[in-house]
Amino acid sequence: MKAVRFHEHGGPEVLRYEDAPDPVPAPGRVIVRVRACALNHLDLWQRRGLERVRIPLPHISGADVAGEVADGGGTFAAGTRVMLQPGLSCGTCALCRAGRDNECLEYTVLGYMNDGGYAELVSVPVENVIPIPDHVDFVTAAAFPLTFLTAWHMLVTRASLARGETVLVLAGGSGVGQAAIQIARLQGARVFATAGPSKVEATRALGAEEVFDHYADDFSKRVKAATGGRGVDVVVEHVGEATWDRSVRALARGGRLVICGATTGHRANVDLRHLFARQLSLLGSYMGAKSELLQAAQLFFRGVFTPAVDRTFPMSETAQAHLRMADYQQFGKIVLVP
Ligand SMILES: [Zn+2]
């Protein structure tokens with residue numbers, strides 16, 4: 001098969017579009033012919049190399065996949081149209097059995113420590129395969145799983161977002177941001193967001209009531225002004241160092257800050273006096289459980305959620321796709337097509 005691999009860590013130039021061995025059929029696994037694979041920031045971290053993480057090389061990234069079953073391992077007919085659960089877990093421990101598979105000790109993401117979807121074929125456990133209806137195209141399906149799973153777990157499970165509450169979504173035009181706005185609206189929340197100047201209008205169109213420029217504004221002051229001086233009940237963070245202080249200041253008393261990533265850096269300070277006196281909650285969130293993705297997928301298939309697709313690139317131009325993501329130029333998901 002053709003695949004995009006890197007043999008050493010570095011810039012986009014280490015990505016090679018080349019021949020690679022086909023995945024071998026194995027019990028309990030399904031081989032999928034990739035029709036679309038969306039990018040995530042994790043792909044950039046993998047390519048650059050991570051402290052204290054040794055990724056097996058050469059490596060094929062790619063967590064968000066849609067395609068057709070090539071070898072269904074006796075479970076799915078060849079040709080079945082599917083998208084893939086991006087979370088992999090042991091399936092047998094107490095946490096997996098309890099439906100908390102994203103807390104499994106063996107939990108990992110497709111295309112992280114294993115080969116993912118930057119290829120014509122990918123092998124996954126049978127429980128990671130989700131059939132999709134005919135009216136859902138492959139590019140849109142590939143844009144759905146990781147960000148909607150992440151945002152669902154953040155808002156619904158971790159932050160227990162309630163009807164009528166207020167939410168601030170950081171970087172509303174990002175993959176996680178556009179998913180979080182749609183989920184928060186469905187939960188009946190009032191939604192505010194931040195975005196770069198070129199993305200303000202499109203972010204508002206997703207359902208954000210007001211969108212603040214996160215480069216120019218102290219958005220915490222704008223949020224306070226928009227909420228009668230109170231602040232928001234929930235902040236959805238994934239930007240990290242560049243926005244952390246303003247995100248904490250934007251919280252109302254009793255507010256919850258939920259964070260799933262730190263694309264601009266991982267160092268942050270917390271004024272402990274604010275934490276206790278304002279009764280704040282800081283909530284970490286990582287991916288989400290398979291059951292949550294299945295719940296969110298039903299809403300996607302019914303047209304309640306529409307993943308924002310920035311643009312597609314041929315898989316042979318993955319380096320250009322990485323550059324676009326690294327520059328924060330995209331609105332929504334960038335998708336590779338083999
Ligand atoms: Zn497990």
Side-chain angles (χ1 to χ4, degrees), residues 23-32 34 37-38 40-43 45-46 50-56 59-67 69 71-76 82-119 121-132 141-142 144-160 175-176 179 183 238 258-262 266 282-298 300:
V24 179
R29 297 186 73 91
V30 169
I31 295 173
V32 172
V34 178
C37 178
N40 289 285
H41 265 281
L42 182 61
D43 307 359
W45 301 122
Q46 289 162 13
L50 290 143
E51 271 177 71
R52 294 190 291 277
V53 179
R54 188 170 294 275
I55 293 169
H59 182 71
I60 303 173
S61 295
D64 271 329
V65 175
V69 170
D71 178 335
T75 306
F76 292 99
V82 299
M83 66 182 186
L84 301 184
Q85 295 256 22
L88 305 170
S89 64
C90 81
T92 55
C93 73
L95 288 159
C96 283
R97 297 285 194 204
R100 293 160 58 187
D101 48 273
N102 59 326
E103 296 173 54
C104 173
L105 282 178
E106 292 180 26
Y107 189 79
T108 189
V109 178
L110 179 62
Y112 185 19
M113 300 305 285
N114 49 77
D115 283 341
Y118 286 19
L121 297 168
V122 63
S123 165
V124 291
V126 64
E127 62 266 24
N128 284 70
V129 176
I130 303 173
I132 59 175
F144 180 78
L146 193 141
T147 50
F148 275 84
L149 173 63
T150 299
W152 183 279
H153 189 64
M154 292 175 88
L155 285 168
V156 179
T157 305
R158 298 292 285 143
S160 305
V176 168
I183 293 166
H238 52 106
V258 59
I259 179 161
C260 72
H266 58 271
L282 303 179
L283 305 167
S285 191
Y286 188 60
M287 300 289 286
K290 288 187 172 71
S291 59
E292 294 174 288
L293 182 58
L294 292 174
Q295 278 180 278
Q298 291 310 312
F300 169 42

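Start at 1 and go down the list; that is how both ligands and their atoms are numbered.
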- Item | Approximate separation, where rounding is to 0.5 Å, of N102 CG and L88 CG |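 One finds 12.0 Å between CG of N102 and CG of L88.
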- Which is it for F144 and D64 under the side chain to side chain contact (heavy atoms under 4.5 Å, CB included) test, yes or no, and what are the steps along the way? CA-CA 8 Å; F144 180 78; D64 271 329; over 6 Å; no
- Task: Spell out, as yes or no, whether a donor-acceptor pair under 3.5 Å connects the side chain of N40 to the backbone of L42.
- Result: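 No.
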- Answer yes or no: is there a donor N or O on one side and an acceptor on the other, between the side chain of Q46 and the main chain of H59, under 3.5 Å?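 No, Q46 side chain to H59 backbone: no donor-acceptor pair under 3.5 Å.
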- Over all atoms of both residues, closest heavy-atom pair of I132 and V82: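 Closest pair (atom of I132, atom of V82, distance): CG1-N, 3.9 Å.
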- Message: If I compare all heavy atoms of V65 with all of C37, which pair ends up nearest, and what's the gap?
- Response: CG2-SG, 4.2 Å
- Task: Anything protein N, O or S sitting under 2.8 Å from the Zn ion (ligand 1): count it and give me the total.
- Result: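 My tally for this metal is 4.
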